[in-house]
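Here's the structure we're looking at; comments come further down.
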Amino acid sequence: MTDSSKPKKPQLIQPRTLKGFRDYLPETMIPREQLIQTAREVYRSFGFGPIDTPTLEYLEILTGKGSDETDRQLYKFQDHGGRDVGMRFDLTVPLARFVAQHINELGTPFKRYHIAPVWRGENTQRGRYREFMQCDFDTIGTLSVAADIETGLVINALLSAIGFERFKIHLNNRQVLNGLLQKQNLEDQATPVLRSLDKLAKIGEDKVVEEMIATAGTTEEQARSVLAMAALQGSNDEILAQLKPIVAGNELGEEGVARLEAILNGLQSGGVPEERIKLDVSIARGLDYYTGAIFETFLDDLPGIGSVCSGGRYDNLAELYTKRQLPGIGASLGLDRLLAAMEELGMLANVKTPADVLVTYFDKSALGKYLEIAATLREAGLKVEVYPEAKKLGQQLKYADARGFGYAVIAGEDELGRDALQVKDLGTGESTEYPIASAAEALSAIIKKADQS
RNA sequence: GUGGCUGUAGCUCAGUUGGUUAGAGCGCUGGAUUGUGGUUCCAGAGGCCGGGGGUUCGAAUCCCCUUAGCCACCCCA
C-alpha cells in the first residue's frame, strides 16, 4: 500500500471539555434544575429576592483582600480594552460590591438569593470542579437575632422541601469561641487557632494541639482549654449550661451564649424539630470573616459527604467598598454535594425526559390528529412529546420506556375511528381507552395523583 | 502547588514472558410473518489501545515526556 492510495482523512478536532469543567446531559440536568427550582421557591417563601451580577469583575474588586491563595485560584486576564478582569470565585464578594454600590436604592434590611456558577482554578478532586454552582441566600443590614434564626429556618425548610427528613443543623457562635480566646489571651492568634480547631474531627485532639502550638504559638495549656470547650457533649441545654461558667466574666462570650440560646428558642418556635438542631462548639469554619452564628448541615444517612448547607454571620460585609457598616448573615446550599448524596441514597428517578406523555405516531396518515391530541394535553398542563416518525409501535414504546416516560398515548385507525385514544401506563403496562374529548382531563388527573404519592 | 495510582469501544473492564485481522458484558442501531415497551434470540455499527517520542525485526504490553481522571496533602475568601 502506498501513501498516495490512502484517502486523506479530514483532521478532526477532538471533542473534549476543560479540566474541571463538565457537560450536563438531560438526565443530570433534570434533577439539577429541579433542585434549583426547589431552592428558589423556598428562598422566595421567606421573602428573599433574586439578584444577579456579572461573571466578570474588575480584578481589584475580587482581589481586595488579596491572599496568595486567592491569586492562585482566580481566573484572570485582560479584556480587549486592556482592563484587568477576573471571573467571580464566589457570590459573596460580588454581593459585597453589589450592596456597597446599590444599598441606597435597596434599603435595609436587604434579603437576596443568588444562584449562579462560579469559577476557581484550583486542583480538581471528587466533587470539586473548576466551574460549579452556588446557591446563596443572605440578609444584609441587620444585627437582629431574628435574622440568625431565620437562616436556620431556611436551611430546615430547604432540606425538607428537597425531601430529607433526617439531618442535623450544627450550630455554633464565633462570639463564644472568641470570648474564650480572649480569656486565654489568644485573640490575636484567633485565625490559626480556629483553623486548627476546625480539623478536630479529621486529625484528632493531639494533632490539633500540636498544630496550635506550632502555627499559633499557643502553650499546650491554652490549646487544651480551647479543645476542652470544643469537646463539650450532651443535649443542647446541657451544653449551654456547661458553656455559661466557661465564658463567665467575658462580655463577648456571655453575649455569644445568650445569642445561641435565643437562636435555639427561635428555631423551636419556628417549628424546627429539636433533633435536627445540634449545638456544636467545635465547628469554626475556616473562614476568617465569620463573627457570629455559624451553621453547618449534615445528613444523618450520609454524614461522610460533609456539610450540605453552611453559613454564618459576618460583621461587615462590604468594608472594602464602602464606609457604611453592613452586617449580614446567610448560607449557601451545596448543590453538587446534595445531588451526589441524593444519587447515592436513591432519591433521584432515572429519567431522561422532562415529559410525562409520549404520543405515538402510529397511523401514518393521522399526524394532524396526533398533533391535535398533543396540543389538547399540553393545554391541560401536561408535558407531551409526539414521536416524530411513524415507526413500528414496539420501537416507539421502547423509546418511551428507555427515556422514562410515564404514559404513552396510542391511537390507530380503530381508536380514531371512534374518536378515542388508548392511554398506556408504562409502569404497570395497563391500557385504558378514553374518548378524545375527555382524555386530557382524565390523564392530568392521573398524573397529578401519581406526582403526589 | 506537592506526592501516589490509573488511562484499551458510549460505559465497566479482559488482553499470555513483547508476536499475525485487539475481545467480552452492558448500552446503541436494525431485525425475529403486517397494532403494544421493560425478558429473550439474531445481526450490525462503533477502537490512531489518551497524545507525543524512544527501545525493538515487531509495542496495547518496556522506557521517557505530556495530558486527563482518581486518592492524599495544601487550601477552601
Side-chain angles (χ1 to χ4, degrees), chain A residues 6 9 11-23 25 27 57 61-74 86 88-97 118-130 132 134 136 191-192 195 198-199 202-203 207 211 215 284-290 306-307 310-312 314 317 319-320 332 334 337 350 352 358 360-364 366 387 389-417 421-433:
Chain A
K6 280 185 188 166
K9 286 184 188 167
Q11 190 61 47
L12 293 177
I13 298 161
Q14 190 194 356
R16 55 186 184 150
T17 47
L18 279 168
K19 179 184 174 75
F21 288 73
R22 296 168 288 172
D23 284 330
L25 273 57
E27 61 205 86
E57 297 274 1
I61 300 279
L62 297 175
T63 53
K65 276 190 258 177
S67 70
D68 294 347
E69 203 47 45
T70 306
D71 227 44
R72 211 169 80 188
Q73 298 194 352
L74 195 62
R88 62 169 175 237
F89 51 82
D90 73 2
L91 299 178
T92 306
V93 169
L95 172 64
R97 194 224 81 221
V118 302
W119 295 268
R120 295 183 191 179
E122 66 187 330
N123 219 341
T124 57
Q125 254 182 63
R126 183 162 55 138
R128 302 181 71 168
Y129 303 94
R130 288 182 171 174
F132 58 99
Q134 289 199 329
D136 285 22
T191 302
R195 188 167 286 166
D198 211 30
K199 294 181 185 167
K202 210 168 164 185
I203 63 178
K207 289 263 182 196
E211 194 178 305
T215 65
R285 306 221 64 212
L287 318 182
D288 295 347
Y289 62 78
Y290 286 121
S307 173
S310 316
Y314 37 86
L317 174 72
E319 61 187 340
L320 290 171
S332 186
R337 266 188 193 179
N350 186 21
K352 297 178 179 177
L358 180 73
T360 55
Y361 186 176
F362 188 10
D363 181 344
K364 204 163 192 171
Y387 196 83
E389 294 171 41
K391 274 203 209 171
K392 281 187 167 179
L393 192 55
Q395 282 177 40
Q396 297 189 42
L397 290 173
K398 212 169 194 165
Y399 169 87
D401 188 53
R403 301 295 157 111
F405 282 87
Y407 300 87
V409 165
I410 300 168
E413 221 174 321
D414 301 352
E415 289 87 350
L416 293 177
L421 53 77
Q422 209 187 108
V423 172
K424 188 178 175 82
D425 181 328
L426 293 169
T428 65
E430 283 165 28
S431 294
T432 318
E433 192 165 303

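- Per the geometry, OH belonging to A:Tyr129 stands 19 Å off C1' belonging to B:C75, to the nearest Å.
- Qualifying side-chain hydrogen bond (donor to acceptor under 3.5 Å, both in side chains) partners for A:Gln396, counting only residues two or more places apart in sequence or in other chains: none.
- At whole-Å resolution of the value, CZ in A:Phe21 and C1' in B:A68 are 14 Å apart.
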If a protein heavy atom is under 4.0 Å from the base, mark B; if only from the sugar-phosphate, S; if neither, -; do that for nucleotides 35-46 of chain B going 5' to 3'.
BBBB--------
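- Distance noted for atom P between B:U61 and B:U56: 16 Å (whole Å).
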For RNA chain B, produce a single dot-bracket line, 5' to 3'. Pairs: Watson-Crick or G-U wobble, both distances under 3.5 Å. Symbols: ( ) within strand, [ ] crossing, | other strand, . unpaired.
(((((((..((((.....[...)))).(((((.......))))).....(((((..]....))))))))))))....
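- With sequence neighbours left out, the side-chain contact (heavy atoms from CB on, under 4.5 Å) criterion links A:Tyr129 to A:Arg22.
- Comparing the same atom, C1', in B:G7 and in B:G50 gives a spacing of 6 Å after rounding to whole Å.
- Computed from coordinates, the A:Lys391 NZ to B:U34 P distance equals 18 Å when rounded to whole Å.
- Between the side chain of A:Arg120 and the base of B:C76 there is no donor-acceptor pair of N/O atoms closer than 3.5 Å.
- Atom C1' of nucleotide B:C73 and atom CZ of A:Arg128 are separated by 12 Å, given to the nearest angstrom.
- For A:Arg88 (side chain) and A:Val118 (main-chain N/O), no donor-acceptor pair under 3.5 Å exists by modelled atom type.
- Side chains of A:Leu62 and A:Phe89 form a contact here, defined as non-hydrogen atoms less than 4.5 Å apart.
- With sequence neighbours excluded, the residues that form a ring-ring contact (aromatic ring centres under 6.0 Å, His included) with A:Tyr387 are A:Tyr399.
- Here the CG-CZ distance, from A:Leu416 to A:Phe362, works out to 9.5 Å after rounding to the nearest 0.5 Å.
- Minimum interatomic distance between A:Ala411 and A:Thr360 (heavy atoms only, all atoms of both residues): N-OG1, 4.4 Å.
- A gap of 14 Å separates the P atoms of B:G27 and B:C42, to the nearest Å.
- One P atom belongs to B:C74, the other to B:G3, and the distance between them is 16 Å to the nearest Å.
- B:G3 atom P lies 12 Å from atom CG of A:Asn123, rounded to whole Å.
- Atoms CG and CD1, on A:Leu421 and A:Ile410 in that order, are 10.0 Å from each other to the nearest 0.5 Å.
- In this view, A:Phe405 satisfies the ring-ring contact (aromatic ring centres under 6.0 Å, His included) rule with no residue, not counting sequence neighbours.
- Using C1' as the reference atom, B:C48 and B:A59 are 14 Å apart when rounded to the nearest Å.
- Look at CZ on A:Arg22: it is 15 Å from C1' on B:C70, rounded to the nearest Å.
- The interatomic distance linking A:Asp136 (CG) with B:C76 (P) rounds to 18 Å, in whole Å.
- Using atom P as the reference point in both B:C65 and B:C26, the two lie 40 Å apart (nearest Å).
- A:Glu27 has its CD atom 16 Å from the P atom of B:G10, to the nearest Å.
- Looking at A:Glu122 and A:Arg130, no side-chain N of the basic residue comes within less than 4.0 Å of a carboxylate O on the acidic one, giving no salt bridge.
- When the C1' atom is used for both B:A14 and B:U8, the distance is 10 Å, rounded to whole Å.
- Distance noted for atom C1' between B:A68 and B:A22: 23 Å (whole Å).
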